[in-house]
Amino acid sequence: MSKQDTFYITTPIYYVNDVPHIGHAYTTIAADVLARYWRLRGRDVFFLTGLDEHGQKVQQAAAKAGIDPQAHCDKLAPQFQDLWKRLNISNNAFIRTTDVQHKSIVQQYLQYLFDKQLIYKADYTGWYCTFDERFWTEKDVVGGLCPDCKRSVEQLSEHNYFFKMGQYQDRLIDHIKQHPHFIRPESRRNEVLGFLTTQKLSDLSISRPKSRLSWGIELPFDKNYVTYVWFDALVNYVSALEYLPQQKPAGNRFWPANVHLVGKDILTTHAVYWSTMLMALNMPLPETIFAHGWWTVDGEKMSKSRGNVVDPNKMAETYGVDAFRYFVLREVPFGQDGDFSEPGMARRINSDLANGIGNLLSRTLTMIDRNCNGLIPHVPQGYLELESQKYPRLLFAKNQLRLLGNSLEKFFGNLEFNDLLLQITSRVTDIDVFIDEHEPWKLVKDPDKRSELNAVLYTAAECLRILSLYISPFMPSTARGIAEQLGLDTNFDAPLLEQEFEWGKLQGGAKIRKGNALFPRIEVPKPQGAKIVSESPAPSPPIPAASTTTAIPSTALAAPTPAAPAQITIDDFMKIQLKTAKVLSAERVPKSEKLLKLQVSLGTEQRQIVAGIGKKYEPESLVGKTIVIVANLKPAKLMGIESQGMVLAAGDSEVRGLATILEEVDPGTKVK
Ligand code: MSP
């Protein structure tokens with residue numbers, strides 16, 4: 001089996017100094033998505049996660065709990081393992097650095113480097129940060145504080161063992177330059193290169209005297225020392241291959257790793273320490289180290305002292321596992337920082353999942369149930385192409401889906417989760433649009449329109465089947481749910497044949513099994529600390545969900561977009577849904593003079609609308625007003641913010657006034 005046929009993905013191994021939080025869940029979910037995708041594509045995947053159980057942080061946490069460090073680790077480890085089960089994480093192995101096999105491999109490596117004189121003993125005096133467990137030089141320390149965590153440092157002098165990291169500086173620079181995908185994203189690669197090309201890389205202290213820290217792996221050549229926790233921890237990526245995979249030997253099969261996923265804070269330890277350790281050990285370097293961004297919570301740094309640590313267990317319980325998995329990867333481009341808020345998550349779930357794919361499945365299956373006796377309608381092979389004049393929208397949706405299918409490898413290969421999910425929600429909107437345009441509820445009344453009805457319903461169902469394959473790495477249970485309701489028993493955990501991705505696998509005449517809603521709509525919690533908010537109604541019925549951003553140009557397979565005629569018929573006008581909406585809150589869009597972000601109520605649902613009325617109105621003056629909006633406009637992004645509709649206003653280049661209703665009417669009332 002060649003390296004092309006395998007895929008080795010790792011997460012950092014997490015410190016067991018506390019219970020898991022959203023940061024841990026984030027990396028692990030992302031790794032799971034990649035693992036699931038490559039398994040689906042037939043690669044032999046090894047997905048490793050685990051725990052970093054040694055070092056000062058763990059020793060201190062155990063001391064605080066008043067128990068022995070090993071007992072502390074044994075007590076906390078199941079919290080991580082249970083969370084991964086709950087979040088449907090498909091890791092193949094779980095390493096703990098207190099595993100005897102791991103400890104022995106770390107000692108073998110230390111001895112090897114010591115024998116090769118790549119580890120030496122020296123005196124060292126420096127500023128020591130207990131929290132970060134590392135020394136800083138004079139120039140790093142400002143005002144007696146650690147430059148990293150800003151805690152006080154103390155001057156320490158001790159004998160220590162050093163790894164000759166500095167001698168690999170040029171080789172590392174060359175490697176990074178020659179392998180553009182070694183450190184990703186690009187901005188992080190530039191950071192590391194910038195630092196390596198402007199500063200001298202020093203040697204790395206890889207020991208700690210037992211007098212100061214006893215909880216670690218003993219140096220095989222000096223029993224008065226344990227090894228630095230990072231030397232121990234980084235080795236996990238190769239030691240695990242020696243004893244955890246069921247099929248052995250696994251080392252050559254899986255090493256070098258395809259992707260080490262890490263947070264941006266631990267990029268240096270991976271890109272510099274780990275890479276030079278591997279060079280010294282004569283082992284190949286991983287293909288990619290990808291550093292993702294950090295989550296803040298309601299705009300603030302997440303920390304125990306602030307009491308805002310997000311518990312993934314609670315999120316999964318409240319919002320559902322798949323919805324949580326979806327949210328963290330949809331909300332922010334992977335690699336960038338993001339802000340987490342529960343109202344934001346609830347709104348995203350309602351708009352993209354409940355009103356998006358969930359509603360699409362439900363409406364499609366209800367129509368098949370009612371109008372086709374619950375059987376997938378028959379449509380002759382190639383029918384859409386043959387009748388392309390008659391059904392351009394159906395063909396468009398089908399072709400766009402195929403194009404997206406062709407790009408999956410690129411999206412997953414580049415870890416562009418957020419772009420892919422955006423594409424998927426746009427495809428859901430396409431399907432909703434063609435259903436609305438064909439109005440199956442009218443077709444059913446006309447026996448001559450039976451073939452059109454069949455074509456519409458079959459196309460919707462087949463699109464859903466294909467979408468279930470695309471979303472399965474992100475939302476495995478949802479994918480299974482869609483397949484089951486369509487009457488299929490697809491196994492998303494095993495490699496799928498290429499034909500499964502092709503059009504027409506759904507068999508006419510097969511019985512559907514309509515079930516419960518995939519994503520029940522969620523009440524949006526009140527935003528914390530919001531300034532201008534009058535009320536927060538429960539969200540509800542279907543709205544077209546996704547943003548219109550398309551990486552695949554729609555012109556490639558453009559459905560005809562008629563030019564606006566001088567006059568339109570009443571039927572044309574009736575396509576535009578105008579509704580009253582009550583402004584719940586309003587705020588300025590940062591860095592824009594013109595744009596306001598409004599939260600509006602349509603009675604049974606809440607929408608976010610970005611409107612170019614900021615020169616005319618102060619946000620406060622709009623709260624409580626009833627305005628008129630175009631309710632069925634395809635959502636779009638303005639300065640990166642999603643707008644789910646458009647406000648009607650008088651004026652041309654300059655806004656002169658807002659369209660309002662003279663009398664008091666309920667929000668959500670139709671305007672015609
Ligand atoms: N034990 C080391 C890793 C050793 S890997 C050989 C470690 N552990 S950790 O538990 O402190 O952190 C693990 C991961 O959580 C890091 O990748 C870190 O970036 C991530 N996160 C911690 N807080 C985070 C956020 N607020 N947001 C996103 N990820 C964050 O470091």
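Counting convention: from 1, in listed order, for ligands and their atoms alike.
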Within-cut-off N or O pair, [X] and ligand 1, under 3.5 Å:
{"X": "Tyr237", "value": "no"}
{"X": "Trp230", "value": "no"}
{"X": "Asn236", "value": "no"}

*Are any of the side-chain nitrogens in Glu191 or Arg188 under 4.0 Å away from the carboxylate oxygens of its partner?*
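Counted as a salt bridge, because a side-chain N and a carboxylate O are separated by less than 4.0 Å.
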
Task: Subset of ligand 1 atoms that lie under 4.0 Å from at least one heavy atom of Asp52 - done: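 Numbered from 1, ligand 1 contributes 1 (N), 2 (C), 4 (C).
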
If you have a sec, work out which protein heavy atom is nearest [atom] and how many Å separate them, to one decimal?
{"atom": "atom 16 (C) of ligand 1", "result": "Ile266 CD1, 3.8 Å"}
{"atom": "atom 17 (O) of ligand 1", "result": "Gly263 N, 2.9 Å"}
{"atom": "atom 15 (O) of ligand 1", "result": "His24 CD2, 4.0 Å"}
{"atom": "atom 3 (C) of ligand 1", "result": "Ile13 O, 3.2 Å"}
{"atom": "atom 29 (N) of ligand 1", "result": "Gly23 CA, 3.4 Å"}
{"atom": "atom 26 (N) of ligand 1", "result": "Trp295 O, 3.2 Å"}
{"atom": "atom 8 (N) of ligand 1", "result": "Tyr15 CD1, 3.3 Å"}
{"atom": "atom 18 (C) of ligand 1", "result": "Asp265 OD1, 3.3 Å"}

_Proximity of Tyr237 and His270 rings by center, below 6.0 Å_ =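 When the ring centroids of Tyr237 and His270 are compared, they turn out to be within the sub-6.0 Å range.
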
| said: Using heavy atoms and a 4.0 Å limit, tell me yes or no: is Gly55 in contact with ligand 1? | reply: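 The answer is no: ligand 1 sits nowhere under 4.0 Å from a heavy atom of Gly55.
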
Next on the checklist: Could you check whether any heavy atom of Thr27 sits closer than 4.0 Å to an atom of ligand 1, since that is the contact criterion I want to use?
Outcome noted: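 Not so, Thr27 does not reach ligand 1.
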
At their closest point, which heavy atom of Pro12 faces which heavy atom of Thr27, and how far apart are they?
->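 Where Pro12 meets Thr27 most closely, the heavy atoms are CD-CG2, 3.6 Å.
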
**Prompt:** ring pair (Phe, Tyr, Trp, His ring centres under 6.0 Å) with Phe474: which of Tyr37, Phe412, Tyr326, Phe324?
**Reply:**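 Among Tyr37, Phe412, Tyr326, Phe324, the one that satisfies the ring pair (Phe, Tyr, Trp, His ring centres under 6.0 Å) with Phe474 is Phe412.
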
Query - Sole candidate of Trp38, Phe46, Phe254 that passes ring pair (Phe, Tyr, Trp, His ring centres under 6.0 Å) when paired with Phe7 - result: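 Running ring pair (Phe, Tyr, Trp, His ring centres under 6.0 Å) over Trp38, Phe46, Phe254 with Phe7 returns exactly one hit, Trp38.
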
*asked:* Distance to the ring centre below 6.0 angstrom and angle to the axis at most 45 degrees; does that hold for Arg212 and Tyr128?
replied: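 Output yes; distance and angle both within limits.
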
Query raised in the report: Cationic tip of Lys57 within the cone over Phe131's six-membered ring, i.e. under 6.0 Å and within 45° of the normal?
Result: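 Here Lys57 passes the 6.0 Å and 45° test against Phe131.
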
- prompt: Any side-chain heavy atom of Leu420 within less than 4.5 Å of one from Leu408?
  reply: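 Counting from C-beta outward, Leu420 and Leu408 do come under 4.5 Å.
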
